[in-house]
Amino acid sequence: MLFYKKDGDFNLYELWEELEKNCSKCVKCELFETRSNVVFGVGNKKAEVMFVGEGPGENEDLRGEPFVGKAGRLLDEMLAEINFYRDKNIYIANIVKCRPPKNRDPSSEEQLACIDWLRNQTLLIKPKILVCLGRIAAQRIIKDDLKITKEHGLFYKKGDIFFMPTFHPAAILRDPSRKKDTLKDFLNLKKKLKELTVIN
Ligand code: URA
């Protein structure tokens with residue numbers, strides 16, 4: 001896998017095209033056999049904030065876009081409260097780009113096979129903050145023993161990026177009492193972004 005250089009003299013548009021084209025043909029794990037579409041990502045490729053979920057469900061697989069089902073609508077509604085919109089100022093992706101059958105969790109092997117696509121998306125976007133939606137994304141990206149209920153809303157710095165875990169919108173649908181905590185995390189995220197913008 002080619003890791004794109006972070007800074008340098010290249011045409012970002014072409015790099016995105018190449019990355020997305022290669023990803024659309026990916027056969028690195030067996031999820032390619034059952035997918036309708038690769039769900040690459042959506043949003044502003046110069047976003048300061050990225051959101052990462054675990055993997056596409058049925059609606060996402062059919063439409064080729066992340067978070068377009070019931071959980072996605074809740075996510076959009078909560079993001080709008082902090083003036084974040086997928087068609088304006090954020091980028092949304094997943095750990096795995098193809099739907100795990102019957103919406104099971106993506107296996108560790110599938111996550112590892114897929115993670116370089118996300119790594120390259122992150123290198124191209126260069127977000128200030130990356131939000132991990134739910135345990136699967138948080139444990140893969142931040143640390144493998146992360147406990148969402150205890151550690152949601154905290155910031156972890158790695159390299160130039162701050163990482164924040166919070167609840168997955170599907171978990172909020174199962175337990176609506178988590179919505180308040182998640183909105184609090186989102187407000188803190190806005191505050192952090194403001195601080196980082198003032199510093200730089
Ligand atoms: N859940 C996820 O983690 N990602 C999606 O894109 C949809 C549902």
Side-chain angles (χ1 to χ4, degrees), residues 19-20 23-24 26 28-29 31-32 34-45 47 49-80 84-122 125 127 129-144 146-149 151-153 163-176 178-179 181-183 185-186 189:
L19 188 66
E20 188 156 1
C23 187
S24 73
C26 183
K28 289 200 276 184
C29 79
L31 293 182
F32 86 90
T34 47
R35 75 181 174 221
S36 310
N37 285 292
V38 167
V39 181
F40 182 67
V42 67
N44 186 331
K45 294 180 172 116
V49 183
M50 266 177 92
F51 290 81
V52 176
E54 64 181 66
E58 186 181 13
N59 295 297
E60 291 77 18
D61 174 64
L62 292 173
R63 293 230 337 237
E65 182 172 333
F67 287 102
V68 290
K70 204 167 170 207
R73 286 194 293 280
L74 174 61
L75 178 65
D76 283 345
E77 180 202 300
M78 291 173 66
L79 290 172
F84 278 165
Y85 304 93
R86 64 175 72 202
D87 57 351
K88 273 203 187 120
N89 51 1
I90 55 166
Y91 192 86
I92 306 178
N94 281 305
I95 297 285
V96 298
K97 309 300 192 206
C98 298
R99 182 192 181 198
K102 297 187 186 145
N103 295 348
R104 64 163 169 75
D105 289 350
S107 69
S108 197
E109 290 74 26
E110 289 157 357
Q111 293 179 40
L112 287 172
C114 207
I115 199 75
D116 280 346
W117 300 118
L118 180 66
R119 222 170 244 150
N120 280 313
Q121 287 172 300
T122 309
I125 293 172
I129 302 176
L130 188 152
V131 179
C132 297
L133 296 167
R135 173 183 62 87
I136 300 267
Q139 292 188 342
R140 175 59 53 197
I141 294 175
I142 300 173
K143 55 176 181 164
D144 57 15
L146 189 133
K147 299 267 184 295
I148 281 282
T149 39
E151 296 174 90
H152 70 90
F163 296 85
M164 187 194 84
T166 193
F167 293 105
H168 192 286
I172 303 173
L173 288 174
R174 286 193 297 271
D175 177 359
R178 289 175 171 155
K179 185 170 180 183
D181 286 337
T182 309
L183 283 171
D185 293 346
F186 281 7
L189 157 70

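Order of listing sets the numbers, starting from 1, for every ligand and every atom in it.
- Within ligand 1, counting atoms from 1 as listed, the ones closer than 4.0 Å to a heavy atom of G53 are 3 (O).
- Using a 4.0 Å cut-off between charged nitrogen and carboxylate oxygen, R86 and D76 count as a salt-bridge pair.
- For atom 5 (C) of ligand 1, the nearest protein heavy atom (residue, atom name, distance) is G55 O, 3.4 Å.
- One finds a salt bridge joining E77 and K179 here, because a Lys/Arg side-chain nitrogen approaches an Asp/Glu carboxylate oxygen to under 4.0 Å.
- Ion pairing between R135 and E54 fails under the 4.0 Å rule for side-chain N and carboxylate O.
- For atom 4 (N) of ligand 1, the nearest protein heavy atom (residue, atom name, distance) is N94 OD1, 2.8 Å.
- Ion pairing between D181 and R178 fails under the 4.0 Å rule for side-chain N and carboxylate O.
- In this pair, F51 and F186 present their aromatic rings perpendicular. The plane angle is above 60°, beyond the 30 to 60° band.
- Any N or O atom pair closer than 3.5 Å counts here, and P66 shares no such pair with ligand 1.
- The nearest heavy-atom contact from the protein to atom 1 (N) of ligand 1 is H168 NE2, 3.2 Å.
- When non-hydrogen atoms are compared, ligand 1 lies under 4.0 Å from the side chain of E60 (C-beta onward) but not from its backbone.
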